Amino acid sequence: DIYFADAMRHEIGHYMIYRRCGTVEPASIGSEANAESTASSYAVLYLGANANTLNRASDSRYHMNQASDNAAARIHAGQCR
């Protein structure tokens with residue numbers, strides 16, 4: 001199932017954020033995104049997940065936007081604060 005594979009990439013996104021920052025909710029996420037949307041963006045930008053698949057989630061906290069993409073990029077670059 002394609003959704004399962006991308007959902008696992010989302011979970012690995014949480015893990016990668018934790019590995020880089022020591023928390024799944026670093027301050028660099030900011031107020032325009034959240035831990036779930038940022039993990040989804042991380043999964044799309046760096047782990048090969050499909051944005052359309054992840055944005056199908058019924059819970060809007062998981063939906064990505066430019067703010068979550070920016071937060072994922074900051075975290076990937078090592079900016080946690």
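What you are looking at is a predicted structure, and each value in this text was computed from that prediction instead of being measured.
Of the possible donor and acceptor atoms, one in the side chain of Ser68 sits under 3.5 Å from a partner among the backbone N and O of Asn65. Remark: side-chain polar atoms of Arg74 are not paired, donor with acceptor, to backbone N or O of Gln79 under 3.5 angstrom. When atom types are taken as modelled, the side chain of Ser37 and the backbone of Ala33 share no donor-acceptor pair closer than 3.5 angstrom. The backbone N or O of Met64 lies less than 3.5 Å from a partner atom in the side chain of Asn55, making a donor-acceptor pair.
The two atoms that bring His14 and Ala35 nearest to each other are CE1-O, 3.6 Å, heavy atoms only. For the residue pair Ala57 and Tyr3, the shortest heavy atom distance occurs at CB-OH, 4.0 Å. Across all non-hydrogen atoms, the minimal contact from Thr38 to Ala71 is OG1-CB, 3.7 Å. The two residues Ser40 and Leu54 make their nearest non-hydrogen contact at O-CD1, 3.9 Å. Of all heavy-atom pairs spanning Leu45 and Asp69, the tightest one is CD1-O, 3.7 Å. Minimum heavy-atom separation, Thr53 to Asn50: N-OD1, 2.9 Å.
From Arg20, atom CZ reaches atom OH of Tyr42 across 3.5 Å, with rounding to the nearest 0.5 Å. To the nearest 0.5 angstrom, Glu25 atom CD is 13.0 Å from Tyr18 atom OH.
No side-chain heavy atom of His63 sits under 4.5 Å from any side-chain heavy atom of Glu36. With contacts defined as side-chain heavy-atom distances shorter than 4.5 Å, the pair Arg9/Phe4 does not qualify. Within the 4.5 Å cutoff, no side-chain heavy atoms of Asn52 are placed close to those of Arg56. Using a 4.5 Å cut-off on side-chain heavy atoms (C-beta onward), Met16 and Tyr46 make no contact. When side chains are defined from C-beta on, Ile29 counts as touching Ile75, because their heavy atoms get closer than 4.5 Å.
In Glu32, the CD atom is not crowded: 12 or fewer heavy atoms of neighbouring residues, nucleotides or ligands sit closer than 6.0 Å.
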